[in-house]
Amino acid sequence: MGRAPLMLIAIASYFAFFGSFLYLVGWVGGFEFMPTSVDKGLGAGTATAVIINLGLIALFGIQHSVMARQGFKQAWTRIIPAPIERSVYLLATVAVLVLLFLFWHPVEGNLWSVENEAARMVIWGLFWIGWGVLFISTWLLNHFELFGLQQAWYHMRGQEIPPMKMRTPLFYKAVRHPLYTGFFIAFWATPDMTYSHLLAAVGFTIYIVIGIHYEEKDLLSAFGDEYAEYRRRVGSFIPGLGKKA
Ligand SMILES: C[S@@+](CC[C@H](N)C(=O)[O-])C[C@H]1O[C@@H](n2cnc3c(N)ncnc32)[C@H](O)[C@@H]1O
């Protein structure tokens with residue numbers, strides 16, 4: 001395939017992913033105007049709903065973890081062009097997110113509901129801070145590389161795609177996984193914790209904790225001692241906690 005079509009695929013994937021990310025923010029927030037959300041979707045009995053929902057989260061986890069591993073990438077790039085490997089990964093993520101948005105089955109009931117208006121505002125503030133931390137973290141790492149545009153751009157210009165560099169600016173000096181810290185805050189900071197929301201928060205938290213194990217394995221093999229030393233010095237999600245000897 002020509003260089004320009006690959007660039008177009010990368011741009012289309014970027015915007016498709018960005019759209020699904022914005023939908024995810026509204027989906028987790030459970031805003032009225034959303035066609036579906038963590039609290040608005042198809043109906044089913046509790047047991048069926050829980051099984052389907054956990055299946056949807058597992059699907060997201062499997063797609064995300066398997067396709068991000070080095071071994072998979074090496075095999076996969078014999079089939080698809082390497083410059084759009086990340087873009088195809090993003091398209092697969094969009095597909096599993098769309099399944100989540102369409103087939104999530106809300107579960108009845110409420111764990112907590114904060115009545116006090118000021119407290120509700122503080123919690124909503126935290127929700128937005130979480131998404132903000134996540135978004136800023138993508139720029140701290142390398143936004144365009146993370147979302148596949150840089151690879152296709154270099155390829156289009158006939159230049160070699162630069163290897164991934166280890167980065168530890170700003171938030172990364174305090175924790176190794178600020179993007180996931182942002183994700184946790186965004187999922188857990190809600191003034192109305194319905195059982196549906198709780199299921200999503202617990203499910204995605206478990207997935208991230210498992211996913212990090214594999215992500216760090218890859219980071220250790222890519223960056224060696226530099227990353228090992230970083231793990232000894234810097235906590236995982238919460239500053240000072242989860243350092244690895
Ligand atoms: C979705 S990002 C999440 C990054 C990180 N786990 C976080 O929560 O901020 C996953 C990608 O970031 C890369 N990555 C993670 N930490 C990195 C670092 N310190 N420097 C460069 N790349 C990193 C991983 O290799 C992976 O491709």
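Given the structure is predicted, the values throughout are model-derived calculations rather than measurements. Quick note: residue numbers are just sequence positions, from 1. Every heavy atom of this structure was used, including side-chain atoms; hydrogens, water molecules and symmetry mates were not. Each ligand, and each atom within it, is numbered from 1 in the order the structure gives.
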Checklist outcome for this item: Contacts of Glu229 meeting salt bridge (Lys or Arg N to Asp or Glu O under 4.0 Å) (sequence neighbours excluded), chain-then-number -> Arg233
Item to check | side chain to side chain contact (heavy atoms under 4.5 Å, CB included) partners for Val114, two or more places apart | outcome: Trp112, Ala119, Arg120, Ile123, Pro191
Item to check | Qualifying residues under salt bridge (Lys or Arg N to Asp or Glu O under 4.0 Å), relative to Arg3, sequence neighbours excluded | outcome: none
Next on the checklist: Any non-hydrogen side-chain atom of Thr93 less than 4.5 Å from a side-chain atom of His64?
Outcome noted: yes
Checklist entry - Name the residues with a heavy atom less than 4.0 Å from ligand 1? => result Leu141, Leu146, Met164, Lys165, Met166, Arg167, Tyr172, His177, Pro178, Leu179, Tyr180, Glu215, Leu219
Next on the checklist: Below 30° counts as parallel, above 60° as perpendicular, anything between as tilted: where do the rings of His143 and Phe135 land?
Outcome noted: perpendicular
Checklist entry - Is the Tyr230 to Tyr227 ring centre distance short of 6.0 Å? => result yes
